[in-house]
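Only a predicted model underlies this, so the values are computations on that prediction, with no experimental measurement involved. Just so we're on the same page: letters track the sequence lines, and every chain starts at 1.
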Number of protein chains: 2
Amino acid sequence: MNLDPTKMKDWQIAEAAEEHMKTVYQLGEELGLDKEELLPYGHYVAKIDYKKVLERLKDRPDGKYIDVTAITPTPLGEGKSTCAVGLMEGLGKRGKNVVGALRQPSGGPTFNIKGSAAGGGLAQVIPLSKFSLGLTGDINAIMNSHNLAMVALTARMQHEANYTDEQLAQRGLKRLNVHPKKVEFKWIIDYCAQSLRNIIIGLGGKMDGFTMQSGFNIAVSSEIMAILAVAKDLKDLRERIGKIVLAYDKQDNPITTEDLEVAGAMTAWMVEAMNPNLMQTIEGQPCLIHAGPFANIAIGQSSVIADLVGLKLGDYLVTESGFGADIGFEKFWNLKCRFSGLKPHCAVVVATIRALKCHGGAPIPRPGRPMPEEYNKENVEWVEKGCANLIHHIETVKKAGINPVVCINAFYTDTKDEIAAVRRLCEQAGARVAVSEHWLKGGEGALEFADAVIEACEEENEFKFLYDLDMPLRERIEKITREVYGGDGVVYTPEAEAKAKAMEQDPELSKLGTCMVKTHLSLSDDPNKKGVPKGWKLLVRDILTYKGAGFVVPVAGAISLMPGTGSDPAYRRIDVDVETGKVKGLF
Amino acid sequence: MNLDPTKMKDWQIAEAAEEHMKTVYQLGEELGLDKEELLPYGHYVAKIDYKKVLERLKDRPDGKYIDVTAITPTPLGEGKSTCAVGLMEGLGKRGKNVVGALRQPSGGPTFNIKGSAAGGGLAQVIPLSKFSLGLTGDINAIMNSHNLAMVALTARMQHEANYTDEQLAQRGLKRLNVHPKKVEFKWIIDYCAQSLRNIIIGLGGKMDGFTMQSGFNIAVSSEIMAILAVAKDLKDLRERIGKIVLAYDKQDNPITTEDLEVAGAMTAWMVEAMNPNLMQTIEGQPCLIHAGPFANIAIGQSSVIADLVGLKLGDYLVTESGFGADIGFEKFWNLKCRFSGLKPHCAVVVATIRALKCHGGAPIPRPGRPMPEEYNKENVEWVEKGCANLIHHIETVKKAGINPVVCINAFYTDTKDEIAAVRRLCEQAGARVAVSEHWLKGGEGALEFADAVIEACEEENEFKFLYDLDMPLRERIEKITREVYGGDGVVYTPEAEAKAKAMEQDPELSKLGTCMVKTHLSLSDDPNKKGVPKGWKLLVRDILTYKGAGFVVPVAGAISLMPGTGSDPAYRRIDVDVETGKVKGLF
């Protein structure tokens, strides 16, 4: 294969690589899977029966556990997914038995502006069209499971409006008295469909539902997705689904899926979705793709189950968390690892020289506009200044008791002196540093990176949480703000403070995880502040509860659960070769 | 296996049978499929690469082609799907190489009142939970494909409202000027979600979409589903998707998916859905499950592709059409066979003694009420009188030039004299008659039935259409009404007549197929008239056009494209065994 990322689009590279990829049967064999454990979906993707694998390998020691995170993101993109895939390829090239674990992308971004999320250049997961177009159907299962709850809720509201208590009793139903202004659940669809963000439903006659405000969120923001990412097994999933609060009644009591007798049927949709999906990098390393929850109201990373399975199958498991280390790694650390009981060995902080310049004072590039000239010229000073942000994230990783590795995701405009500056400053801060050229060269370009990670994993480390679950909510938020975000404290709106106090007293809620909502574009709560903002306090506006997922969510930033489709979306350039069935133009 | 349908629920029988079912690899081997042609989805379901199979077997003669239809349905249910599966089992028991082709069920009925549609008793398709819960994802693919068109349309309407012509031009867009009151397309969801039937979308600010009326239909009523059922290959599908009319502009010009540059991306979702799904009866006969379009605005039967493939793989291909022979068989005959170019050999008309009594004058049973006493007592007179309806459908089959077989779907209250009466009257009308006990006994109970079908297939027959495509629309409707429904002619509302005249002059529309909408509960257009209504004319209220599917649809009855979820829906009784992952309570 002669694949040149400087001349080919990502989907063209994927298409060429797919001509020579391994069958999923071969991948399964290389992983030592029993035939019963590998559930093929076509010849190039499979699901893995997690339960059988975990049972068979329960006595095998886990592999080394590596999380890939990043500096505070800039509009340039740091290439975190690409680095994660590059690391898999680099470890593979070094002869290591490596497994990856990444998120499944949403159809929304794929067909809108952002495109797919399979990596890029020579560091991609294939087959691309399977990856981008729903894979084995897990997101569709979530959609069906989630929307069934809304069907049940809205049909029940209609029937309660139309029937007397006696008529309801004949059907074995007791009036739930849902307050139509207190329906917190919405419908989902896996697109950026701004037209469905705010809607009125149930127009028409008395058989046409219940008239009220409603709306659709993007599927991957569903609480079912949040649950899929953290559930340890089917029993855990079933219990969590039953705890989802859909609405409140007229006395403010929660109405759950269990109250609507729909939790079992919702779980029925999810049985197969519990099994992680097996794919491969373009160099043939196995990669598990499983779950893709939002990084604000959920953990923003692939599933606990995929990590449990991958650590049994591989000597190294590479996974990734969404956004920068203040958001993604913090949730990996204090939420995901708490749910899974797993202990990571190393975290990679991805940076690019261009992004460091941006944090160091270079003009902020705007999407769709030409790149400012400054980025094409050497500027060691900006790079050095920008390293403050990177070093802040290194410190965060160190607070978790594990070893940081900085990966400089190479770009052709990088200069030797710029790279030397990063190396010097980060090594002073106690991190290994590697430059990686996986985008251009695949695993061959990621050997230094792989070696740094291998070393970091061998070194002593002692993983520890930032807080215990018996720490009261406001103390936790204070601790996260000071130690992870670098803020000077927390202020609350009166509503948020009242909620926090009530939660601290609630025996059930006080034991849930804390899942912060904050902009990922700054360490602070102001997306315009780059570098390491000083002298600010976090403003908590509200606190949400997701009983099924098992979080309370302090909201210190905007949450958009339904993005919009732009005026020049990706679907304009996607088509099918009707002779071969190949999908063209995905990116 | 000792499976007793008088003591076990359908899902319990399925679960027991699944303990011993063939793997899909074995099924593929028995069908002589190459390894590349069989795309497993887990170990018990597969997709078949239709293109490879049709190419490899292009010179093999087709098998015998059998359609299963029924008398005019009654609230009792005649058990058409069960008879189709029973026939597969009976032919299998006779050592024949038989393949089935059935529709995929919708999630709407499965979770609402009707339950699944995999047959019943000892004549079922398994694995049941795969069958009932989305199978390999074809309906989800349709949902994603269809809703992408709505995302594109509504986003475009927003952007056109927000941007000047110049700003649009910068994005390579020309103003389409969609008339918001002329948006004919709706969103889809695969549930009975009456609350989404009539909605207002796009509330909020100028980035929150375009405010207008809209709504959701059930997924299986989508034009994409109609297309999947009739497309002969991917090229055909791509072209049809591009012809779908979503809306009209302010000058009344149609706006298609191609105008929105979304037809290619919509097709991308459908590439895998083109391959039929392979399952099995509980006695191990292969059964293709593919497409499940509505029986009013579409053909109401499984796909053309599944039949093309099944006829190459089997010596007998058993398929089924929705509703009674006036609707289902008429569409099989004049639409599906015209699209496919295939010629059937035999059509089975399913009847039950109880339903014949109902057509003969017995009190009409009401769902949810106790069965009238009359049905438990012998009444040869009612049966004889009810046979008029059955004989009418036999005549319809004979008009197609093929051989009718009556299947009496046995029930324990049937008496010898009642059965003898049916036998005598139908044989006089030129049909073979068989009593079948597949529900109770599986293939062993369907031997007489299978033998009658084998004989009917051997006999001379000469398939011919009821009308040619150059017959003007109103003449076609007249002919269908007189010859298939037994009416005295057709009357039109002024609007429908104007549309019909215009269509007859339109070179494109005049060549499309005719897909009638009429109640299935009577041969006439009045659902309350049982037996063979005389002295009535068909009232055509409107004529719809589906350019993608390739039909015009004369509307002589109510069309509900979004059913409602009742007050005691099936989901209340569905749950998952969290230890085994088995879904309980589907029916």
Side-chain angles (χ1 to χ4, degrees), chain A residues 39-43 107 111 129 133-134 137 140-141 144 147-148 151-152 154-155 158-159 163 171-173 189-204 207-210 234-235 238 261-262 264-265 267-269 271 564-565 567-569 571-572 574-576 578 581 583, chain B residues 39-43 107 111 129 133-134 137 140-141 144 147-148 151-152 154-155 158-159 163 171-173 189-204 207-210 234-235 238 261-262 264-265 267-269 271 564-565 567-569 571-572 574-576 578 581 583:
Chain A
L39 303 161
Y41 278 63
H43 299 307
F111 287 92
S129 58
L133 295 167
N140 292 323
N144 289 327
N147 286 334
L148 183 58
V151 167
T154 54
Q158 171 191 306
H159 296 309
Y163 291 130
R171 292 155 177 88
L173 302 173
I189 188 170
D190 201 35
Y191 283 120
C192 301
Q194 63 266 48
S195 283
L196 295 178
R197 202 177 276 149
N198 307 305
I199 65 176
I200 295 174
I201 64 171
L203 299 172
M207 300 306 281
D208 297 313
F210 189 94
L234 189 56
K235 184 162 176 284
R238 174 65 184 80
E261 299 169 285
V262 73
T267 307
W269 278 113
V271 174
T565 286
S567 52
D568 187 17
Y571 60 70
R572 294 177 74 186
I574 296 172
D575 211 329
V576 173
V578 294
V583 176
Chain B
L39 303 160
Y41 278 63
H43 300 307
F111 286 92
S129 58
L133 295 168
N140 292 324
N144 289 326
N147 287 334
L148 184 57
V151 167
T154 54
Q158 171 192 306
H159 297 308
Y163 292 129
R171 292 156 176 86
L173 301 173
I189 189 171
D190 202 35
Y191 283 121
C192 301
Q194 62 266 47
S195 284
L196 295 178
R197 200 177 277 148
N198 307 304
I199 66 176
I200 295 174
I201 63 172
L203 299 172
M207 300 306 283
D208 297 313
F210 189 93
L234 190 56
K235 184 163 174 285
R238 174 66 184 80
E261 301 171 284
V262 72
T267 308
W269 278 113
V271 174
T565 285
S567 53
D568 188 17
Y571 59 71
R572 294 177 76 186
I574 296 171
D575 211 329
V576 173
V578 295
V583 176

Heavy atoms only: give me the nearest L133(A)-F111(A) pair and the separation to one decimal. CD2-CZ, 3.4 Å

For a quick test of reading the model, state the closest non-hydrogen atom pair linking A268(B) to I574(A) and the distance between them. CB-CG2, 4.0 Å

What option among G134(B), P569(B), G202(B), G564(B) has the most heavy-atom pairs under 4.5 Å with chain A? G202(B)

Nearest heavy-atom neighbours spanning I201(B) and L196(A): CG2-CD2, 3.7 Å

Side chain, backbone, both or neither of D208(A) within contact of chain B (heavy atoms, under 4.5 Å): both

Most heavy-atom pairs under 4.5 Å with chain B, out of K235(A), E261(A), R238(A), belong to E261(A)

Top contributor to chain A contacts, counting heavy-atom pairs under 4.5 Å, from G137(B), G204(B), G581(B), A193(B): G581(B)

Cut-off 4.5 Å, heavy atoms of chain B, and the answer for L148(A) is both

Under a 4.5 Å cutoff for heavy-atom pairs, which residue among G107(B), A141(B), A152(B), C192(B) has the most contacts with chain A? A152(B)

Is it true that the side chains of N140(A) and N144(B) contain a donor and an acceptor less than 3.5 Å apart? yes

How close do H43(B) and P40(A) get, counting heavy atoms only, and between which atoms? CE1-CD, 4.0 Å

Quick one: of G42(A), A265(A), S195(A), who has the most non-hydrogen atom pairs under 4.5 Å with chain B? S195(A)

Given side chains that start at C-beta, do those of Q158(B) and T565(A) come closer than 4.5 Å, heavy atoms only? no

Is V583(B) close to chain A through its backbone or its side chain, or both, or neither, when contacts mean heavy atoms under 4.5 Å? side chain

About how many Å separate CG of L203(A) and CG of N198(B), when rounded to the nearest 0.5 Å? 6.0 Å

Tell me, for R171(A) versus chain B, whether the close heavy atoms (under 4.5 Å) come from the side chain, the backbone, both or neither. both

Taking every non-hydrogen atom, the tightest pair across A155(A) and Q194(B): CB-NE2, 4.1 Å

Out of Y191(B), Y41(B), F210(B), which one racks up the most heavy-atom pairs below 4.5 Å with chain A? Y191(B)

If you tally heavy-atom pairs under 4.5 Å against chain B, which of D568(A), L173(A), T267(A) wins? L173(A)

